[in-house]
A.B. asks: 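I am attaching a structure below and will ask some questions about it afterwards.
As a basis for the values below, the full set of heavy atoms in this structure was taken, side chains included, without hydrogen atoms, waters or symmetry mates.
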Amino acid sequence: YSTPPRQILAQQYITVKREMDRGEMVTANDINWSSDPTTEQNLEASPFVGQFLNVSVSADARLFSSMLSEGEEALIAVNDINQGQNVTPLDFEKKLMLPRRGDDLLPVNFEFARDSKALAFISQGEVVKSSMVGSPVEALTANRLIMPGELISEMNSEIKIIYGDTPSGAITDLDQLRRSVATTQIQPGKVIRFIDARRQHDIMEGDEVKLTVVRQAFSLELSMIAAESGFLGDTVELMNPESGRTVKGTVTGNKSAIK
C-alpha cells in the first residue's frame, strides 16, 4: 500500500500592521495573523493584545513574546504642577504603561502627607518620578563644617525639615546621639546619619571625675582620676590622686560618677 502524503499545515504567526514605538500598547487593530485567509482567528484572544512593546518595530514585522512586557501602573500628573506646590492624590491619576529604562517612578501607593510638595515642575501628562514629589521629614543636619572627632551638638547641628528621600539611618533627634563624635567630615547642610557618628565615652581614661559618695546621713564629693573609660550606667575604676587608692563608681553623666 502507499503512504498517504503528509498534510502540510500553514504556519501561523502575528505581524504588526504599522510602525510602532517602544512603550505603545498592542491592540487588536495593530496586528494581523499571517495564515490561511480563509481561517478566522480571534485577534482579541491573542496573548499579545494589551501588552507593551519593549522595542520599536516596523510595519509588517513579526511579533514575538520576547518583544513585549505587561507594563506597570504609574502616576501621571492631571495638570501642570509648579515646583514647591502642595500636592495631594487628586493631582495624579494611575495609568498602565511601560516605564523607560532606569526610571525611578513614584510608587502608586505613595503616602501623601498634609505638606507633600512638588520638588520640580511636573507637566500635565508627565510620568511622576520619585525625585519629583516629597513629604516633610525632620532630620538632623550640620549647620557648619563638622570635623572628624568633633562632638556633635546644638552648636554645630540643627533639626531641619527635609523633602524628598532622606538617607538611610538619618538621625531625627539630637538626643539619639547621646554624646557622639563625628567619624568623618560632615559638610554644612548634610543630613547626619548614625554611620557618621560614634558614641563618645561619658568618662574617658585619664579624665578628672567628680565622684559623689552617698551614705545614709551625708554625701561627699571627691575629685578622682578615671582609670578606664565608660558610658552612662557603666561601672568604672577611679583612682584617688592623693592616696593612689582605687574605687568603683557608676557613671552618671559627663565626667561624673556615684558610689
A.B. asks: Determine whether Arg193 and Ile195 make a side-chain contact, defined as any pair of heavy atoms from C-beta on separated by less than 4.5 Å.
C.D. replies: yes
A.B. asks: With rounding to the nearest 0.5 Å, note down the distance linking OG in Ser256 to CD in Glu221.
C.D. replies: 9.5 Å
A.B. asks: Can you establish whether the number of heavy atoms outside Lys190 located under 6.0 Å from its atom NZ is more than 12?
C.D. replies: yes
A.B. asks: Restricting to non-hydrogen atoms, name the atom on Val128 and the atom on Ala77 that form the minimum distance, rounded to 0.1 Å.
C.D. replies: CG2-N, 4.1 Å
A.B. asks: Which heavy atom of Leu105 sits nearest a heavy atom of Ser130, and at what distance?
C.D. replies: O-OG, 3.0 Å
A.B. asks: Return the minimal non-hydrogen interatomic distance between Val127 and Ala74, and the atom names on each side.
C.D. replies: CG1-CB, 4.1 Å
A.B. asks: Is the closest side-chain heavy-atom distance between Leu177 and Leu140 below 4.5 Å?
C.D. replies: yes
A.B. asks: Using side-chain heavy atoms (C-beta onward) and a distance below 4.5 Å, is Leu119 in contact with Met132?
C.D. replies: no
A.B. asks: Within the side chain of Thr183, is there an N or O that forms a donor-acceptor pair under 3.5 Å with the backbone of Asp196?
C.D. replies: yes
A.B. asks: Roughly how far apart are Leu63 CG and Gln51 CD, rounded to 0.5 Å?
C.D. replies: 9.0 Å
A.B. asks: Between Ile159 and Ile152, is there shared hydrophobic-cluster membership here, with clusters defined by ILVMFWY side-chain heavy atoms closer than 4.5 Å?
C.D. replies: yes
A.B. asks: Determine whether Glu19 and Val57 satisfy the following criterion, side chain to side chain contact (heavy atoms under 4.5 Å, CB included), listing intermediate values before the conclusion.
C.D. replies: CA-CA 6 Å; Glu19 184 176 314; Val57 294; over 6 Å; no
A.B. asks: Got Val133 and Phe110 here, is their nearest side-chain heavy-atom distance under 4.5 Å?
C.D. replies: yes
A.B. asks: So, Ser116 and Ser135: side-chain donor and acceptor under 3.5 Å apart, yes or no?
C.D. replies: yes
A.B. asks: Distance check, rounded to the nearest 0.5 Å: Ile81 atom CD1 versus Glu126 atom CD?
C.D. replies: 9.0 Å
A.B. asks: Using the rule that two of Ile, Leu, Val, Met, Phe, Trp, Tyr join whenever any of their side-chain heavy atoms come within less than 4.5 Å, decide whether Phe231 and Met204 are in one cluster.
C.D. replies: no
A.B. asks: How would you list all residue pairs meeting salt bridge (Lys or Arg N to Asp or Glu O under 4.0 Å) that involve residues 20-32, not counting sequence neighbours?
C.D. replies: Arg18-Glu24, Arg18-Asp30
A.B. asks: Can Val49 be reached from Leu53 by stepping across I, L, V, M, F, W or Y side chains whose heavy atoms are under 4.5 Å apart?
C.D. replies: yes
A.B. asks: Just by distance, do the side chain of Glu228 and the backbone of Glu237 share a donor-acceptor pair under 3.5 Å?
C.D. replies: yes
A.B. asks: List the steps and the verdict of side chain to side chain contact (heavy atoms under 4.5 Å, CB included) for Leu145 and Gln187.
C.D. replies: CA-CA 5 Å; Leu145 180 65; Gln187 296 294 328; 3.9 Å; yes
A.B. asks: Can you hop from Phe194 to Ile186 via hydrophobic side chains spaced under 4.5 Å?
C.D. replies: yes
A.B. asks: Go through the side-chain N and O atoms of Asn54 and Ser69 and say whether any donor and acceptor fall under 3.5 Å apart.
C.D. replies: yes
A.B. asks: Give me the atom names and distance for the closest heavy-atom approach of Val78 to Leu90.
C.D. replies: CG2-O, 4.0 Å
A.B. asks: Under the side-chain contact (heavy atoms from CB on, under 4.5 Å) test against Val181, which residue among Met147, Arg199, His201, Gln200 passes?
C.D. replies: Gln200
A.B. asks: Would you check, one step at a time, whether the test side chain to side chain contact (heavy atoms under 4.5 Å, CB included) holds for Val214 with Thr212?
C.D. replies: CA-CA 6 Å; Val214 179; Thr212 302; 3.9 Å; yes
A.B. asks: Would you say the side-chain atoms of Asp80 pair up with the backbone N or O of Gln124, donor to acceptor, closer than 3.5 Å?
C.D. replies: yes
A.B. asks: Is Glu150 paired with Arg144 through a side-chain N to carboxylate O contact shorter than 4.0 Å?
C.D. replies: yes
A.B. asks: Hey, mind stepping through Tyr163 and Val137 against side chain to side chain contact (heavy atoms under 4.5 Å, CB included) and telling me if it holds?
C.D. replies: CA-CA 6 Å; Tyr163 286 89; Val137 177; over 6 Å; no
A.B. asks: Of all heavy-atom pairs between Lys17 and Ile31, which one has the smallest distance, and what is that distance?
C.D. replies: CE-O, 3.3 Å
A.B. asks: Give a yes or no answer on whether the side chain of Asp234 reaches the backbone of Val251 with a donor-acceptor pair at less than 3.5 Å.
C.D. replies: no
A.B. asks: Only pairs under 3.5 Å count here: list side-chain donor-acceptor contacts from residues 240-249, not counting sequence neighbours, and write none if there are none.
C.D. replies:
unit_1, atom_1, unit_2, atom_2, d
Asn240, OD1, Glu242, N, 2.9
Asn240, OD1, Ser243, N, 3.4
Ser243, OG, Arg245, N, 3.2

A.B. asks: Please tell me whether Met20 and Phe64 are part of a single hydrophobic cluster in this structure, the criterion being side-chain heavy atoms less than 4.5 Å apart.
C.D. replies: yes
A.B. asks: Could you tell me whether the side chain of Asp207 and the main chain of Val209 form a donor-acceptor pair under 3.5 Å?
C.D. replies: no
A.B. asks: Do Thr141 and Ile162 have side chains that approach each other closer than 4.5 Å (heavy atoms only, starting at C-beta)?
C.D. replies: yes
A.B. asks: In Å and rounded to the nearest 0.5 Å, what is the CD to CZ distance from Glu70 to Phe52?
C.D. replies: 10.0 Å
A.B. asks: Within a strict 4.5 Å, meaning less than it, do heavy atoms of the Val87 and Lys117 side chains meet?
C.D. replies: no
A.B. asks: Would you say that more than 12 heavy atoms from the other residues, nucleotides or ligands in this model lie under 6.0 Å from the NZ of Lys129, or not?
C.D. replies: yes
A.B. asks: So for atom CD, which belongs to Gln85, do other residues, nucleotides or ligands contribute more than 12 heavy atoms lying within a distance under 6.0 Å?
C.D. replies: yes
A.B. asks: Can you confirm whether the side chains of Ser223 and Glu208 place a donor and an acceptor under 3.5 Å from each other?
C.D. replies: yes
A.B. asks: Under the 3.5 angstrom rule, does the side chain of Ser229 hit a backbone N or O of Glu205 as a donor-acceptor pair?
C.D. replies: yes
A.B. asks: Strictly under 6.0 Å, is that where the ring centroids of Phe92 and Phe112 end up?
C.D. replies: yes
A.B. asks: Indicate the atoms forming the closest heavy-atom contact of Ile203 with Ala257, along with that distance.
C.D. replies: CD1-CB, 4.3 Å
A.B. asks: Is the shortest heavy-atom distance from the side chain of Pro148 to the side chain of Gln185 under 4.5 Å?
C.D. replies: yes
A.B. asks: Roughly how far apart are Leu98 CG and Leu68 CG, rounded to 0.5 Å?
C.D. replies: 10.0 Å
A.B. asks: So do Lys259 and Leu211 actually touch side chain to side chain, heavy atoms under 4.5 Å?
C.D. replies: yes
A.B. asks: Keeping the roles fixed (side chain from Glu158, backbone from Glu154), state whether a donor-acceptor pair exists under 3.5 Å.
C.D. replies: no
A.B. asks: I'd like to know whether CG of Leu151 has more than 12 heavy-atom contacts from other residues, nucleotides or ligands below 6.0 angstrom.
C.D. replies: yes
A.B. asks: When rounded to the nearest 0.5 angstrom, what is the spacing between OG in Ser157 and CD1 in Ile192?
C.D. replies: 5.0 Å
